[in-house]
Amino acid sequence: MWKIILQRVAILVMMLFIVSVAAFCVPLLSDGDPARTILLSRVSDLDLAPEAVEALRRELGLDRPLPVQYLSWLGSALQGDFGYSFASRQPVAAEITRALGVSITLALSALGVALLVALPLGTAAAMRPGGKVDGFTTLLIQTLVATPEYWFAPVSVLVFVLWLGILPSAGWQSWESLILPAMALMLRPMAYFTQVTRAAMREVIAAPYITAARARGLSMNEAVVHHGLRNGSLPVVTFFALWFAGLLGGSVVIEVIFAVPGMGRLLYEAVVNNDVPVLQGGFVALVGLSILINTITDVLYVLFNPAMRGSHGH
């Protein structure tokens, strides 16, 4: 078991190194001189003096060899310093921290509600295959998978904001501002969580230990609750982690529609404004956090899966 954990940690370190190199190369992929881009963001004058551009290049160390520039940038990044935003003139780390907090709140809210619905619904469908609950679950899964967030979002605004007038249409002022974007983001995760739960619980119900529990006098519901949910929920936990990592930066459309100041909107505005420091810092934060989440999920899967512990030893 410990060998697997150490392998996951080693892969984590290697992947973070690759992410840092990729983030450092972001300015190199854009057209033009980074020093000129910075000056244009400051003075908005297309007729820049070459002396001013060259002076800024020396000030920023852009005249040094690339390996030296990378090590200097990496040292600052490890301390949480990604420079200042071209657009807002604010520290990039502060902007990312604020936006990441919003995105984490939104993603956890959407996935938490999706999980609370999916686990009991998928379990109930698995316990009576072909029944009414199973048929309803199948229909619900197909409907939610086919419902895109960018369609549901404006429809929800039309219903809950314009017709009923009970929720705010945009912004991030109170807990009510969380409801509509979370509803839009929870649809497809809830469908997949339900589908995975149903498939996993069908295997659990057919397992010998459930039969043995029934032979000891437990009802099917008791056997599933006391002995089956733990094993049946392991695949769902993996899916939860994958969706959580994806929603942190993948909810761009929803965050733009509802004016949510999260990571998706921050990166969208950075691309529009050619805000290189924000793009670099946001890339490191999102990809690094996603890798970390997946690594933690793998480790927890090893710790809580008896089959893996038994096959690899201690």
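All residue numbers in this chain count up from 1 along the given sequence. As the structure is a prediction and not an experimental result, all values here were calculated from the model.
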**Student:** Identify, with sequence neighbours excluded, every residue that meets side chain to side chain donor-acceptor pair (under 3.5 Å) alongside Thr123.
**Tutor:**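 Thr123 satisfies side chain to side chain donor-acceptor pair (under 3.5 Å) with no other residue.
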
**Student:** Return all side-chain donor-acceptor pairs below 3.5 angstrom for residues 131-138, not counting sequence neighbours, or 'none' if the list is empty.
**Tutor:**
{"from": "Asp134", "atom 1": "OD1", "to": "Arg198", "atom 2": "NH1", "distance (Å)": "2.9"}
{"from": "Asp134", "atom 1": "OD1", "to": "Arg202", "atom 2": "NH2", "distance (Å)": "3.4"}
{"from": "Asp134", "atom 1": "OD2", "to": "Gly130", "atom 2": "N", "distance (Å)": "2.9"}
{"from": "Asp134", "atom 1": "OD2", "to": "Arg202", "atom 2": "NH2", "distance (Å)": "2.8"}
{"from": "Thr137", "atom 1": "OG1", "to": "Val133", "atom 2": "O", "distance (Å)": "2.7"}
{"from": "Thr138", "atom 1": "OG1", "to": "Asp134", "atom 2": "O", "distance (Å)": "3.0"}
{"from": "Thr138", "atom 1": "OG1", "to": "Arg198", "atom 2": "NH1", "distance (Å)": "2.8"}

**Student:** List, by chain and number, the other hydrophobic cluster members for Leu139, where Ile, Leu, Val, Met, Phe, Trp and Tyr join if side-chain heavy atoms come within less than 4.5 Å, directly or indirectly.
**Tutor:**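 Same cluster as Leu139: nobody, lone residue.
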
**Student:** What side chain to side chain donor-acceptor pair (under 3.5 Å) pairs are there with at least one residue in residues 91-103, not counting sequence neighbours?
**Tutor:**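 Sorted pair list: Ser88-Glu95, Ser103-Glu255.
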
**Student:** Output all residues satisfying side chain to side chain contact (heavy atoms under 4.5 Å, CB included) with Ala93, sequence neighbours left out; order by chain, then residue number.
**Tutor:**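 So Ala93 forms no side chain to side chain contact (heavy atoms under 4.5 Å, CB included) with any residue.
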
**Student:** What residues, two or more places apart in sequence or in another chain, satisfy side chain to side chain donor-acceptor pair (under 3.5 Å) together with Gln142?
**Tutor:**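 In terms of side chain to side chain donor-acceptor pair (under 3.5 Å), with neighbours along the sequence ignored, Gln142 is linked to no residue.
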
**Student:** Which side-chain N or O atoms in residues 157-171 pair as donor and acceptor under 3.5 Å with protein atoms at least two apart or in another chain?
**Tutor:**
none

**Student:** Which residues, ordered by chain and number, are linked to Tyr268 in its hydrophobic cluster, where ILVMFWY side chains connect at heavy-atom gaps below 4.5 Å, directly or through other members?
**Tutor:**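 Joined to Tyr268, directly or through intermediates: Val252, Val256, Val272.
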
**Student:** Would you tabulate the side-chain donor-acceptor contacts of residues 105-122 under 3.5 Å, counting partners in other chains and residues two or more places apart, or write 'none'?
**Tutor:**
{"from": "Thr105", "atom 1": "OG1", "to": "Gly101", "atom 2": "O", "distance (Å)": "2.9"}
{"from": "Ser109", "atom 1": "OG", "to": "Thr105", "atom 2": "O", "distance (Å)": "2.7"}

**Student:** Using the ring-ring contact (aromatic ring centres under 6.0 Å, His included) criterion, which residues pair with Phe244? Sequence neighbours excluded.
**Tutor:**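 In terms of ring-ring contact (aromatic ring centres under 6.0 Å, His included), with neighbours along the sequence ignored, Phe244 is linked to no residue.
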
**Student:** For residues 13-25, tabulate all N or O donor-acceptor pairs below 3.5 Å that involve a side-chain atom, not counting sequence neighbours.
**Tutor:**
{"from": "Ser20", "atom 1": "OG", "to": "Phe17", "atom 2": "O", "distance (Å)": "2.6"}
{"from": "Ser20", "atom 1": "OG", "to": "Tyr70", "atom 2": "OH", "distance (Å)": "2.7"}

**Student:** For Glu149, give me all partners under side chain to side chain donor-acceptor pair (under 3.5 Å), at least two apart in sequence or on another chain.
**Tutor:**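 Expected list: Arg188.
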
